[in-house]
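Here the structure is a predicted model, which means the values were calculated and not measured.
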2 protein chains.
Amino acid sequence: MTATTILIVDDEAAIREMIRVGLELAGYECLEASNAQDAHGIIVDQRPDLVLLDWMMPVTSGIELLRRLRRDEVTRDLLVIMLTAKDDEDNRVQGLDVGADDYITKPFSSRELMARIKAIMRRSSNREQEESIEVGGLKLDPASHRVFVDTQPLDMGPTEFKLLKFFMTHQERAYSRGQLLDQVWGSNVYVEERTVDVHIRRLRKALQTDQRDCGLLIQTVRGTGYRFSTTGVCA
Amino acid sequence: MTATTILIVDDEAAIREMIRVGLELAGYECLEASNAQDAHGIIVDQRPDLVLLDWMMPVTSGIELLRRLRRDEVTRDLLVIMLTAKDDEDNRVQGLDVGADDYITKPFSSRELMARIKAIMRRSSNREQEESIEVGGLKLDPASHRVFVDTQPLDMGPTEFKLLKFFMTHQERAYSRGQLLDQVWGSNVYVEERTVDVHIRRLRKALQTDQRDCGLLIQTVRGTGYRFSTTGVCA
DNA sequence: ACATTTGGTGACAATTTTATGACAAAACGA
DNA sequence: TCGTTTTGTCATAAAATTGTCACCAAATGT
């Protein structure tokens, strides 16, 4: 199972449980934001694949956060599993109503948690393809599996496409070569980190057209890795 | 890749495989302890970074050892990869449940083994992320690995970035050059203290824009060192 | 005012880190 | 099976960063 996940729980134990159980977390965060707005901000920032939402968050109720997530374009499609108390039938219904993908009652076994997560992710992988992403003349359309610069189609290899897709769905953030390998190649492939450089180069090259050089959108972060950003470095 | 590893396997071949493949073993041990207690003792003794645990150990079952490892404060965080037979789904789940970080089914290729190990170690090292810090028009965002002055991105070297990050997370306090070297360079590198001065200068320079000079935030504390402060220089 | 200490700067060579072109193995398609 | 494309790695070039110095300026002390 591969998942970059953020757990929104006051319950730190649940996180350990997940890691223990072997869910591949590229990163996680135990959110303890004091209010729904902050939590939402952090989630937008981190772009997790899955959110475990404790209904009884310390300060805000989970429902407020969930509503917010579903309202926001960016987070609308997030997988959300809520954690509820044993026999809180009421909240459970309410939660599903507001848009939770599933729920788990506490206490839960790691086995059950894994099962739910797997099920959810399986379900979601069959979901409609994502919408096309567009930024500054560069458009990536997952459905047709193509990339355009100002309506002009580009040509690139599968890896470059995946790489670009990852970057475009995770803009404005620096990733190490290792992280890119995890996210784009998959965490169970062993290739040299330098290989990333080569593919970055190929991607940059592919993004060049006579009229515009979208390769500039991929910036080198010295000593760290790379970043996709629409903001120029200096001017 | 650097790893001190202990292999708990009856299968000596696996070890040779790893070495052949180039995993840097500072040391390894083919454990053939007759019981879980002994094995645990040896592991505590050796403090490896990673344990390859054969589920079907000659005498004791691996699960007992794994349980023991997870129970002990000292070994709780150890990375454990278990080796299971091809279609032993049951044990695999059980193993992950008890706390294995990952599993590999035998027979496995060295490539796969390397991949898992690398992924596991990568995962375990990236467990922290931070919020962006902002103070008086100057913003440092760890996620994108960038610094802005009034939304204008700045350019600086890795060391300057680290230095600034340290200062911004430790404001209003004077640090000696030695302390800065410890905190920013790491306590195990030997560089001249005056080197700090040079980087301070570089950082100050990098923080200058046409509109504002954020370099002024870094103040010299004569005879002592430097301080990051938003308060104007007075006393 | 003078001597001494401490910090600021520009220059520079060594080192590190990336970019790039080439190439053979592997994957893919016809 | 035979070409073509894609991939991962290297070797090498190109670029950026780093640690030190030498030298200047400012502060301190007597």
> Would B:Arg146 and A:Gln219 count as a side chain to side chain donor-acceptor pair (under 3.5 Å) if you check the C-alpha gap in whole Å, the side-chain angles of each, and the deciding distance to 0.1 Å?
Replying inline: CA-CA 11 Å; B:Arg146 277 182 140 185; A:Gln219 302 165 355; 3.2 Å; yes
Nearest-0.5 Å distance that lies between atom [atom1] in [X] and atom [atom2] in [Y]:
X        : Y        : atom1 : atom2 : result
B:Glu160 : B:Asp155 : CD    : CG    : 10.0 Å
A:Phe148 : A:Thr209 : CZ    : OG1   : 13.5 Å
A:Leu164 : A:Leu138 : CG    : CG    : 5.5 Å
A:Gln171 : A:Arg227 : CD    : CZ    : 12.0 Å
A:Leu207 : A:Lys205 : CG    : NZ    : 12.5 Å
A:Thr169 : A:Gln183 : OG1   : CD    : 9.0 Å

Could you list all N or O pairs between the protein and nucleotides 3-5 of chain D that sit under 3.5 Å apart?
none

> What string of B, S and - do you get for nucleotides 19-30 of chain C 5' to 3' if you count protein non-hydrogen atoms under 4.0 Å?
Replying inline: SBBB--------
> Of the options B:Tyr175, B:Tyr226, B:Trp185, which is the one that meets B:Phe166 in a ring-ring contact (aromatic ring centres under 6.0 Å, His included)?
Replying inline: B:Tyr175
> How would you label the contact of A:Glu160 with the nucleic acid (heavy atoms, under 4.0 Å): base, sugar-phosphate, or nothing?
Replying inline: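 Touches sugar-phosphate only.
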[atom1] of [X] versus [atom2] of [N]: gap in Å, rounded?
X        : N      : atom1 : atom2 : result
A:Gln219 : C:dT18 : CD    : P     : 14 Å
A:Asp155 : D:dT6  : CG    : C1'   : 11 Å
A:Glu192 : D:dA11 : CD    : P     : 12 Å
B:Leu203 : D:dG19 : CG    : C1'   : 17 Å
B:Tyr190 : D:dT18 : OH    : C1'   : 16 Å
B:Ile218 : C:dG8  : CD1   : P     : 11 Å
B:Leu163 : D:dT18 : CG    : P     : 11 Å
B:His199 : C:dG7  : NE2   : C1'   : 16 Å

> Within the structure, does a side-chain N or O atom of B:Trp185 lie under 4.0 Å from either OP1 or OP2 of D:dG19?
Replying inline: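 Answer yes for this pair, as a side-chain N or O of B:Trp185 is under 4.0 Å from OP1 or OP2.
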> Closer than 4.0 Å, any side-chain N/O of B:Thr195 to the OP1 or OP2 of D:dT20?
Replying inline: yes
> Can you check whether A:Phe161 and A:His145 have ring centres sitting under 6.0 Å from each other?
Replying inline: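 Ring centroids of A:Phe161 and A:His145 are less than 6.0 Å from each other.
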